[in-house]
Amino acid sequence: MEQGAKRYVFGPVMSGRLGRSLGLDLLGSRICSMNCAYCEAGPLKRLTVTREPYVPAEAVLDELRAWDEERRDRGEPLPDAVTLGGLGEPTLNSDMPRIIAGARAILPGVPVAVLTNASLMPDPAVRAELALADAVLPSLDSLVPEEFARVNRGHRSLDCAAIAEGILAFRRESAARVYLEVLLVAGVNDSDRNLALLKEFCTRLAPHRVDVTTLSRPGTEDWARPVDPATLARWRSELTPLAARSGEASPGIGAGLADTAEKGQEQCGAMSMVEARARIQASLARRPQTAAQLSRALLADPALVARALAGLVADGLAVESRREGAEVYFQTRG
Ligand code: SF4
């Protein structure tokens with residue numbers, strides 16, 4: 001492994017919702033309770049709702065400690081957030097509470113966020129663990145059972161109505177911020193029926209934020225395509241205003257994002273080639289990306305990304321994975 005390359009720690013990358021976010025992968029491979037048609041994390045290894053220490057807390061936290069030492073050596077500031085997510089569903093890792101506590105101890109003052117597909121949120125024990133985080137970002141793509149089945153292709157035990165009730169219960173029980181995400185797939189979950197149900201749900205939930213997105217990169221299935229800009233704009237105009245306004249002005253995760261982006265660009269001006277290669281490798285290990293996407297996600301100079309990518313390809317560490325028109329996607333080798 002090159003200096004700086006990590007297995008479970010990746011980034012920081014720029015996140016629209018969280019600012020400069022350091023990712024922790026709690027699964028090590030794509031182990032998930034769903035098999036979403038739009039997933040970018042590669043082929044599914046295991047579809048399960050069984051909780052286990054898939055990656056033990058010590059393995060993640062040892063890497064996080066090492067990352068923090070390297071960060072100090074480079075003189076870089078702390079990230080804006082530590083985000084539990086990665087290749088699969090993080091709540092499946094039964095060591096999640098220890099990882100949250102450990103991340104707080106290693107990076108004091110840095111908010112902890114959890115990206116979740118919400119599938120285990122009907123379980124009160126999982127909700128109690130998620131309440132240890134500062135922010136929870138649940139996904140809920142459809143409340144129409146047939147659409148939920150087609151887009152998310154979850155474990156047979158999952159039920160979208162029960163998941164919705166789990167998210168609502170979490171909002172009542174916890175002080176954590178809740179940022180809901182809805183991802184639209186053209187012709188599948190962009191129906192008026194789903195929009196009406198999600199509007200009713202968001203009115204009850206009053207999340208701190210609602211993000212409606214669509215595919216920006218190739219997903220698992222070729223038929224999963226983005227919705228057109230007009231549809232996306234319509235959904236956003238219907239759902240975004242249903243977020244609770246109270247508290248958004250207070251400093252917290254994602255607050256002051258423009259400021260964060262400016263700081264990030266300054267830091268990345270000084271990114272070394274070794275660091276760029278390590279970050280690109282870690283990012284490509286999670287999903288194929290174009291040079292432009294890497295540059296945006298890593299806040300790195302496009303010329304530096306181009307040189308680092310060329311070097312990784314020449315060294316056999318990255319390969320071209322596919323082309324979409326003029327767009328060339330790269331992935332790690334093997
Ligand atoms: S929940 Fe996330 S990790 Fe799991 S299949 Fe869907 S997109 Fe992929």
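All values derive from a computational prediction rather than experimental measurement.
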Colleague: Checking side-chain contact (heavy atoms from CB on, under 4.5 Å) for the pair V178/R209: CA distance, chi angles, key distance, verdict?
Modeller: CA-CA 7 Å; V178 173; R209 196 169 148 164; over 6 Å; no
Colleague: Taking atom types as modelled, is there a side-chain donor on D141 or Y38 under 3.5 Å from an acceptor on the other?
Modeller: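 Yes, because at least one side-chain N or O of D141 sits under 3.5 Å from a partner of the opposite role on Y38.
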Colleague: Is any NZ, NE, NH1 or NH2 atom of the basic residue among R104 and D134 found under 4.0 Å from an Asp or Glu carboxylate oxygen of the other?
Modeller: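 Salt bridge between R104 and D134, a charged N being under 4.0 Å from a carboxylate O: yes.
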Colleague: Is any side-chain heavy atom of L24 closer than 4.5 Å to a side-chain heavy atom of T83?
Modeller: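 L24 does not reach T83 side chain to side chain.
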Colleague: Could you check Q289 against S283 for side-chain hydrogen bond (donor to acceptor under 3.5 Å, both in side chains), going step by step and ending with a plain yes or no?
Modeller: CA-CA 8 Å; Q289 287 163 87; S283 195; 3.1 Å; yes
Colleague: Between V305 and I280, does the side-chain contact (heavy atoms from CB on, under 4.5 Å) criterion hold? Intermediate values first, please.
Modeller: CA-CA 8 Å; V305 169; I280 288 170; 4.1 Å; yes
Colleague: If you define the side chain from C-beta out and look only at heavy atoms, does anything of E52 sit under 4.5 Å from N93?
Modeller: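 No. Closest side-chain heavy atoms not under 4.5 Å.
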Colleague: Would you compute the distance between atom OG1 of T91 and atom CG of L115 and round it to the nearest 0.5 angstrom?
Modeller: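 Those atoms lie 11.0 Å apart.
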Colleague: Using a strict threshold of under 4.0 Å (side-chain N to carboxylate O), is an ion pair present between K6 and E70?
Modeller: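 Salt bridge between E70 and K6, a charged N being under 4.0 Å from a carboxylate O: yes.
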Colleague: Hey, what do you get for CD (E40) to CZ (R287), rounding to the nearest 0.5 Å?
Modeller: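 If we round to the nearest 0.5 Å, E40:CD and R287:CZ are 5.0 Å apart.
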Colleague: Is there side-chain contact between L294 and L309, with at least one heavy-atom pair below 4.5 Å?
Modeller: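 When only atoms from C-beta onward are counted, L309 and L294 do touch, with a gap below 4.5 Å.
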Colleague: Do P138 and L180 come within less than 4.5 Å of each other through their side chains, counting heavy atoms only?
Modeller: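 Heavy-atom side-chain distance check passes, below 4.5 Å.
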Colleague: State which residues pass side-chain hydrogen bond (donor to acceptor under 3.5 Å, both in side chains) with D222; sequence neighbours excluded, sorted by chain then number.
Modeller: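 Per chain and number, D222 pairs via side-chain hydrogen bond (donor to acceptor under 3.5 Å, both in side chains) with no residue.
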Colleague: Between R30 and E89, is the closest basic N to carboxylate O distance under 4.0 Å?
Modeller: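 Salt bridge between E89 and R30, a charged N being under 4.0 Å from a carboxylate O: no.
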Colleague: Only one of N194, N189, I163, L195 clears side chain to side chain contact (heavy atoms under 4.5 Å, CB included) with L143; which?
Modeller: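 Of the listed options, the one satisfying the test is N194.
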Colleague: Please round to the nearest 0.5 Å and tell me the distance separating atom CG of N117 and atom CG of L158.
Modeller: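 Reported to 0.5 Å precision, the distance equals 7.5 Å.
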Colleague: Can you check whether L168 reaches F201 side chain to side chain, under 4.5 Å on heavy atoms?
Modeller: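 The answer is yes, as the side chains (C-beta and beyond) meet within the 4.5 Å cut-off.
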Colleague: With no hydrogens and no angle check, just 3.5 Å: does a side-chain donor-acceptor pair link D211 and T213?
Modeller: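 Distance-only check fails for D211 and T213.
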Colleague: Could you tell me whether R277 and D315 have a side-chain N and a carboxylate O separated by less than 4.0 Å?
Modeller: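 D315 and R277: salt-bridged.
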Colleague: In terms of hydrophobic clusters joined by side-chain contacts under 4.5 Å, are L205 and F170 together?
Modeller: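 Cluster IDs for L205 and F170 match.
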Colleague: Can you check side-chain contact (heavy atoms from CB on, under 4.5 Å) on E324 and Y329, steps first, answer last?
Modeller: CA-CA 8 Å; E324 290 213 340; Y329 288 80; 4.1 Å; yes
Colleague: Go through the steps to decide whether T231 and D228 satisfy the test side-chain hydrogen bond (donor to acceptor under 3.5 Å, both in side chains), and finish with yes or no.
Modeller: CA-CA 5 Å; T231 303; D228 59 69; 3.0 Å; yes
Colleague: Are R72 and D68 within salt-bridge range, i.e. N to O under 4.0 Å?
Modeller: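 D68 and R72: salt-bridged.
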Colleague: With no hydrogens and no angle check, do the side chains of S15 and S21 hold a donor and an acceptor under 3.5 Å apart?
Modeller: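 The answer is no; no qualifying pair exists.
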Colleague: Is any NZ, NE, NH1 or NH2 atom of the basic residue among E129 and R127 found under 4.0 Å from an Asp or Glu carboxylate oxygen of the other?
Modeller: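 Looking at E129 and R127, the cut-off is not met.
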Colleague: What distance do R71 atom CZ and L64 atom CG have between them, rounded to the nearest 0.5 Å?
Modeller: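 It comes to 10.0 Å.
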Colleague: Could you state the interatomic distance from CZ (R46) to CG (N35), rounded to the nearest 0.5 Å?
Modeller: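 Atom-to-atom, R46:CZ and N35:CG are 14.5 Å apart.
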Colleague: Got W67 and L22 here, is their nearest side-chain heavy-atom distance under 4.5 Å?
Modeller: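 In contact.
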Colleague: First locate atom CH2 of W235, then atom OG1 of T240, and finally report the distance between them rounded to the nearest 0.5 Å.
Modeller: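 With rounding to 0.5 Å, CH2 (W235) is 11.5 Å from OG1 (T240).
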Colleague: Do the side chains of I100 and V55 join up, straight or via other hydrophobic residues, at under 4.5 Å, putting them in one cluster?
Modeller: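 Yes, because I100 and V55 connect within a single hydrophobic cluster, where side-chain heavy atoms sit under 4.5 Å apart.
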Colleague: Without hydrogens or angle criteria, can the side chains of E147 and S191 be said to hold a donor-acceptor pair below 3.5 Å?
Modeller: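 Yes.
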Colleague: Is it true that, when you exclude E200 itself, more than 12 heavy atoms of the residues, nucleotides or ligands shown sit nearer than 6.0 Å to its CD?
Modeller: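 No.
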